[in-house]
Amino acid sequence: MKPVNIGLLGLGTVGGGTASVLANNAAEIARRAGREIQVIHAAARGLGNDRPDGTGQVEITEDAFEVVNNPDVDIVVELIGGDSPARELVLQAIENGKHVVTANKALIAKYGNEIFSAAQAKGVVVAFEAAVAGGIPIIKAIREGLSANRIQWIAGIINGTGNFILTEMRDKGRDFADVLAEAQALGYAEVDPTFDVEGIDAAHKLCILSSIAFGVPLQFDKVYTEGISKVSQDDVTYASELGYRIKHLGMTRLTNKGIEMRVHPTLIPEKRLIANVDGVMNAVLIMADKLGPSLYYGAGAGADPTASAVVADIVDVTRSLTTDPDNRVPHLAFQPDQINDTTILEMDDVETAYYLRLNAADKPGVMSDITHIMGENEISIEAILQKEPAEGEATATIIMLTQRIREAQMNKAIELIHQLDSVSGEVTRIRVESLSSE
Ligand code: HSE
């Protein structure tokens with residue numbers, strides 16, 4: 001059978017990795033795909049004579065539209081990243097009747113609805129396994145492996161850079177800025193590292209997971225997003241004393257009122273496996289009604305791991321070239337006419353437990369004022385720690401763990417605590433998830 005021709009957009013870390021994996025494992029990949037797969041055309045800027053491994057025979061251009069419009073290309077692999085021109089290139093490829101593979105999480109999270117509907121109309125596939133959790137085949141696991149189940153919730157450590165920072169802060173007591181600089185130097189971080197530390201990268205990925213878990217359109221603008229830049233060394237230490245680890249968690253849950261989609265620092269009991277996922281590694285914990293909990297762990301970034309997912313998509317598309325377009329795996333897991341409009345919950349309506357840390361005057365009555373506010377707002381306290389004032393200071397640190405309560409009610413209580421004369425500075429609040437099977 002005639003080989004399948006690939007047009008590769010981008011020859012950076014992931015593009016170069018993909019060309020190299022396709023060349024190095026060519027025979028094994030062809031045995032799996034049933035056809036030979038060859039890169040015939042690639043687009044990259046400022047490459048000079050520095051061709052990545054596996055691209056020796058490939059025609060290389062600076063104009064990515066040349067690749068997309070090349071009539072000999074069967075599958076366009078978009079590894080440029082970002083919004084534009086990635087969106088225009090992918091839409092043009094679809095318009096030209098080509099299948100698309102992409103690792104671009106921002107593109108799918110923000111423009112996926114438009115892209116999938118164009119692909120549906122043209123009968124082509126858009127595959128995006130590498131967009132979430134790098135090399136972990138999590139899209140396939142949810143979309144195909146778990147298709148017998150009703151998914152209840154998904155919790156993921158889906159940004160390696162953020163996890164690396166939190167791990168180093170905990171294990172080595174290192175400073176936030178110092179660890180971020182190292183993550184950038186190691187090439188884990190996004191071009192704009194605020195995407196990592198402020199949770200935007202994780203929000204892109206979470207929004208995709210939520211859609212394929214619950215069969216709703218992609219709604220990136222409804223993800224509540226809070227970064228890790230305010231997590232202090234003290235919080236990491238106190239959480240540890242209470243038996244928890246702080247992780248930057250993406251959480252999506254189907255409740256009877258709607259769907260939660262949120263990314264924020266979260267205390268997780270240290271005995272959970274996912275709480276022990278350290279460094280740049282990613283993990284996704286899925287609670288499904290028939291399987292129960294299942295945990296998927298692996299490299300969420302890097303050239304070879306991400307290329308592993310990109311090439312798996314290329315193999316899938318190759319296998320599907322002879323399949324009836326209406327009977328392929330649907331883009332968002334559910335058949336296009338079965339995507340529903342379940343409400344995405346406002347953060348005020350989300351229920352979680354909380355870790356609170358505040359500074360208060362070390363004098364009689366203060367603790368009772370605080371617990372009174374909690375009681376008035378029906379917030380039940382699970383544990384309380386008081387750290388005596390440091391030498392020469394007048395305020396003590398109070399740390400509390402609460403039971404689950406609506407976010408709006410917690411906001412009200414925090415506002416009242418801020419009004420107490422005895423309390424100084426801001427109340428630090430970190431949400432807590434038990435992630436238990438019950
Ligand atoms: N910046 C991302 C991370 C890369 O650190 O996880 C993979 O999406």
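All ligand and atom numbering here is 1-based and tracks the order in the structure. Keep in mind that what you see is a predicted model, and the values were worked out from it rather than measured.
- Salt-bridge check for R429 with E226: failed, with every basic side-chain N at 4.0 Å or more from each acidic carboxylate O.
- For atom 8 (O) of ligand 1, the closest non-hydrogen atom of the protein is K105 NZ, 2.6 Å.
- Counting only heavy atoms of the protein, atom 2 (C) of ligand 1 lies nearest to E190 OE2, 3.1 Å.
- A donor atom on one side chain and an acceptor atom on the other are not found under 3.5 Å apart for T167 and D171.
- Of the protein's non-hydrogen atoms, the one nearest atom 6 (O) of ligand 1 is G160 N, 2.8 Å.
- With hydrogens left out, the protein atom closest to atom 5 (O) of ligand 1 is T161 OG1, 2.7 Å, a heavy atom.
- Close approach of ligand 1 to G300 is summarised as follows: ligand atoms under 4.0 Å from at least one heavy atom of the residue are 7 (C).
- Of the charged side-chain nitrogens involved, none lies within less than 4.0 Å of a carboxylate oxygen, so that D74 and R35 do not count as a salt-bridged pair.
- Remark: ligand 1 atoms within the under-4.0 Å shell around heavy atoms of A301 are 4 (C), 7 (C).
- Rounded to the nearest 0.5 Å, atoms CG (L285) and CG (L249) are 8.5 Å apart.
- Annotation: cation-pi pair R328/F116 absent, no NZ/CZ under 6.0 Å from the ring centroid and within 45° of its normal.
- Of the heavy atoms in N282, none comes closer than 4.0 Å to ligand 1.
- Residues D201 and N159 have side chains that bring a donor and an acceptor to within less than 3.5 angstrom of each other.
- Of all atoms in ligand 1, listed by their number and element, those nearer than 4.0 Å to a heavy atom of D196 are 1 (N), 2 (C), 3 (C), 5 (O).
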